[in-house]
Colleague: 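Pasting a structure here, questions to come.
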Amino acid sequence: MTSTAPETQRGQDAGDPLGEQPTSWQRRLRRFGHVPRPETSLRDRLDPPWTRPGRQVWSVLAIPPHVADRLVRWSAWGGPLLVTLVAGLLRFWRLDQPNAVIFDETYYAKDAWALVNQGYEGSWPKDVDKLILKDPSSVPIPTDPGYVVHPPVGKWIIGFGEQLFGFTPFGWRFMVAVLGTISVLLLCRIGRRLFRSTFLGCLAGLLLAVDGLHFVMSRTALLDLIVMFFVLAAFGCLVVDRDRSRRRLADALPVDEEGVLRPDARIAETLRLGWRPWRLGAGVMLGLAFATKWNGLYVLAAFGLMTVLWDVGARRTAGAARPYMAVLRRDLVPAFFSTVPVAIVTYIVSWTGWIVTDKGYYRNWAATEGKGSSWSWLPDWLRSLWHYETQVYDFHVGLTSGHTYESNPWSWLVLGRPVSYFYEEQAGCKESSTGKCATEVLAIGTPLLWWLACFALAYVVWRWLFRRDWRAGAIACGVAAGWVPWFFYQERTIFLFYAVVFVPFLCLAVTMLLGAIVGPAAGTGARADLGLTSKDPTGERRRTLGAIAAGVLVLLITWNFIYFWPLYTGTSIPEDLWRDRMWLDTWV
């Protein structure tokens with residue numbers, strides 16, 4: 001497990017382990033059992049130390065200290081890469097199966113093929129899917145423009161895989177599987193930075209690797225996994241930016257004659273944090289998310305507010321008397337221009353193929369139906385694009401036609417109504433009492449992980465509200481940004497798989513809960529203030545029991561993923577076994 005010992009000694013904050021020297025009356029009271037309230041040094045509040053495995057682990061394994069230090073440094077990347085390797089092997093195993101155009105692949109695979117070959121989507125004839133599977137080279141790309149209701153970035157990405165491996169199921173699923181695999185690596189590294197623990201970071205990545213919804217979406221050529229990837233990448237950029245800006249504040253603050261870092265109101269309110277490229281990168285990532293599906297726009301708004309509030313917290317911690325006014329003067333404008341305009345420009349650039357080919361749907365609207373408008377001083381392509389977007393918006397908000405697998409967002413966390421992407425029955429199955437075998441690809445999260453996430457979210461919200469833990473607030477923001485907007489469109493036809501956008505944040509929430517179950521290392525943090533040292537049997541016993549409980553939960557989640565593996569991969573199983581996996585009537 002981990003302890004909270006920093007990787008390097010922080011001499012600037014040397015002194016009392018609680019962060020300040022006790023007064024004489026506090027020292028007297030300690031003789032009678034008084035334990036002062038634990039405090040964290042200012043530097044550690046601005047730039048928290050990293051945890052590292054306790055020495056007991058290396059002693060049990062008979063590993064010398066110098067080798068242990070090297071392994072700790074290696075594990076920062078080695079652990080996440082190992083988890084990613086496992087996730088990649090799972091996602092690429094028989095990626096071309098089922099050999100069919102499943103669910104909405106019928107739209108995105110074909111639109112992507114047209115986009116990468118001629119720069120705009122075509123109007124495909126009906127019932128062309130079977131011809132594509134039989135001989136894609138015999139199917140011409142339609143030159144007539146097609147009416148599409150999603151921006152092009154996701155289809156460009158799918159099309160890149162088709163360019164590499166052909167107009168086949170493996171080709172159109174390849175790049176989605178790549179992004180799904182890389183997202184596991186991203187979450188490992190983000191979780192490591194968030195919790196200051198390589199172990200907890202890898203645990204978060206492992207949970208994502210064995211989530212059924214993320215797994216299925218990583219093996220299907222739909223857009224939502226791509227949105228999730230860019231949202232997660234943007235979140236990671238903002239977390240790195242937060243660390244760097246707070247470290248810059250800490251380095252600028254004065255140190256007193258005892259070597260202790262002290263707050264300074266003038267510095268905290270006037271210091272310019274300078275060039276922040278990671279926040280600019282977040283703007284690009286959020287623009288790409290928005291340019292894949294429009295729900296990325298809500299994430300842009302939520303994350304923009306979150307990063308500004310992080311700046312307020314940083315300046316308040318550094319000693320600012322009026323942190324909101326300081327952020328308004330120093331940070332708000334740079335934060336806005338690093339995200340919103342960057343995202344908008346990224347979105348417009350994504351339409352380059354539609355703009356330059358001059359053949360896309362509504363491309364010449366400004367020169368025909370829109371001629372004579374009061375906005376005619378704007379370029380025709382821009383007015384045509386704006387008209388196209390308004391038509392698409394009307395389509396989305398008016399999409400109320402019923403669907404077999406539609407679901408209300410209230411039911412998503414408990415997996416009320418998953419989506420069947422593919423289902424096929426085979427007769428003559430001797431292993432089944434019904435004489436049938438079933439093959440299905442079911443877009444459903446790993447049930448035990450999602451049901452545990454319901455409790456984890458309650459814990460995260462409690463920790464954010466009552467412990468003022470910024471990490472809990474960040475996780476809650478990620479879930480809310482991907483989930484809450486759908487409550488405004490409950491009359492619209494929506495599906496459970498839209499929730500894949502916030503699945504990484506569910507995994508972070510569960511990781512935070514499991515970390516709390518394990519508890520802090522004895523002799524550190526709050527337990528040190530209770531008098532528990534590394535040799536205290538009570539602290540070790542509590543931590544051991546917590547580790548066993550957390551380990552059992554992780555093993556159960558992993559087993560649950562393995563149990564539902566046939567439904568995630570389209571593996572043929574006897575109908576009896578298929579029905580055994582229909583835990584709720586609404587799953588059928």
Side-chain angles (χ1 to χ4, degrees), residues 1-2 48 50-53 75-88 90-91 179-215 217-218 225 228-229 231-240 242-243 445-446 448-457 459-460 463-464 469-479 481-482 499-519 546-547 549-551 553-558 560-561:
M1 296 302 167
T2 58
W50 297 82
T51 63
R52 51 187 298 155
S75 67
W77 276 101
L81 288 174
L82 182 60
V83 175
T84 304
L85 176 62
V86 173
L90 293 175
R91 280 151 178 75
L179 296 187
T181 301
I182 296 176
S183 66
V184 173
L185 176 62
L186 286 179
L187 191 63
C188 287
R189 294 289 297 178
I190 291 170
R192 178 180 182 271
R193 184 174 288 273
L194 204 65
F195 302 121
R196 287 301 195 263
S197 166
T198 299
F199 173 77
L200 291 181
C202 290
L203 178 58
L206 177 63
L207 293 176
L208 186 63
V210 297
D211 174 64
L213 183 60
H214 185 274
F215 177 81
M217 297 299 289
S218 297
L225 189 284
M228 181 280 305
F229 175 82
V231 168
L232 183 60
F235 181 77
C237 288
L238 291 177
V239 171
V240 175
R242 181 185 186 275
D243 278 359
T446 302
L448 293 186
L449 174 60
W450 281 63
W451 295 340
L452 180 60
C454 295
F455 297 96
L457 284 178
Y459 170 72
V460 161
R463 192 170 181 89
W464 176 44
D469 191 328
W470 74 272
R471 301 168 302 175
I475 294 170
C477 179
V479 174
V500 74
V501 173
F502 60 84
V503 165
F505 301 96
L506 293 183
C507 294
L508 288 173
V510 173
T511 300
M512 195 171 204
L513 177 63
L514 293 175
I517 291 174
V518 174
L553 288 172
V554 174
L555 288 176
L556 286 174
I557 290 170
T558 305
N560 201 208
F561 174 76

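Along the sequence shown, residues carry numbers from 1. Just so you know, these numbers come straight off a predicted model, no measurement behind them.
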Colleague: Report the distance from atom CD1 of I557 to atom CH2 of W451, rounding to the nearest 0.5 Å.
Modeller: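 I557 atom CD1 to W451 atom CH2 measures 12.0 Å (nearest 0.5 Å).
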Colleague: Check L448 against L556 and note the closest heavy-atom contact, atom names and distance.
Modeller: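 Shortest heavy-atom contact: CD1-O, 3.6 Å.
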Colleague: Can you name the ring pair (Phe, Tyr, Trp, His ring centres under 6.0 Å) partners of F229, sequence neighbours left out?
Modeller: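 For F229 there are no ring pair (Phe, Tyr, Trp, His ring centres under 6.0 Å) partners, ignoring immediate neighbours.
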Colleague: Taking T446 for the side chain and V210 for the main chain, is one N or O donor matched with an acceptor at less than 3.5 Å?
Modeller: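 Yes, the answer is positive, given that a donor and an acceptor are paired below the 3.5 Å cut-off.
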Colleague: Write down the atom of L508, the atom of A204, and the distance for their closest heavy-atom approach.
Modeller: CD2-CB, 3.9 Å
Colleague: Starting at CG of L194, measure out to CZ of R242 and round the result to the nearest 0.5 Å.
Modeller: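 The CZ atom of R242 is 8.5 Å from CG of L194, to the nearest 0.5 Å.
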Colleague: Quick check: closest heavy atoms across F561 and L90, and the distance to 0.1 Å?
Modeller: CE2-CD1, 4.1 Å
Colleague: Which residue, V479, L213, L232, forms the side-chain contact (heavy atoms from CB on, under 4.5 Å) with V503?
Modeller: L213
Colleague: V510 versus Y459: any side-chain heavy-atom pair under 4.5 Å?
Modeller: no
Colleague: Just to verify, what does R193 make a salt bridge (charged side-chain N to carboxylate O under 4.0 Å, His left out) with, not counting sequence neighbours?
Modeller: D243
Colleague: For the atom pair CH2 (W450) and SG (C507), what is the distance rounded to the nearest 0.5 Å?
Modeller: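 Rounded to the nearest 0.5 Å, the CH2-SG separation comes to 9.0 Å.
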Colleague: Who are the side chain to side chain donor-acceptor pair (under 3.5 Å) partners of T511, not counting sequence neighbours?
Modeller: none
Colleague: Quick one: which of L187, V231, I190 gives a side-chain contact (heavy atoms from CB on, under 4.5 Å) with P504?
Modeller: L187
Colleague: Identify every side-chain donor-acceptor pair in residues 76-83 under 3.5 Å, counting partners at least two apart or on other chains, and give the distances.
Modeller:
none

Colleague: Of all the heavy-atom pairs spanning L449 and L207, show the shortest one and how long it is.
Modeller: CD2-O, 3.7 Å
Colleague: To the nearest 0.5 Å, tell me how far F505 CZ sits from C477 SG.
Modeller: 8.0 Å
Colleague: If I compare all heavy atoms of L225 with all of G180, which pair ends up nearest, and what's the gap?
Modeller: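 Shortest heavy-atom contact: CD1-N, 3.6 Å.
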Colleague: What residue pairs, at least two apart or across chains, pass salt bridge (charged side-chain N to carboxylate O under 4.0 Å, His left out) with a residue in residues 202-214?
Modeller: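 Sorted pair list comes back empty.
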Colleague: Is there a side chain to side chain contact (heavy atoms under 4.5 Å, CB included) between I182 and T84? Walk through the geometry before answering.
Modeller: CA-CA 7 Å; I182 296 176; T84 304; over 6 Å; no
Colleague: Taking only residues two or more places apart in sequence, or in another chain, which ones meet A472 in a side chain to side chain contact (heavy atoms under 4.5 Å, CB included)?
Modeller: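 With sequence neighbours excluded, A472 shows a side chain to side chain contact (heavy atoms under 4.5 Å, CB included) to V460, R463, W464, D469, M512, given in chain and number order.
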Colleague: Heavy atoms only: give me the nearest H214-L208 pair and the separation to one decimal.
Modeller: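 The answer is CD2-CD1, 3.5 Å.
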Colleague: Do the side chains of L553 and I517 get nearer than 4.5 Å, heavy atoms only?
Modeller: yes
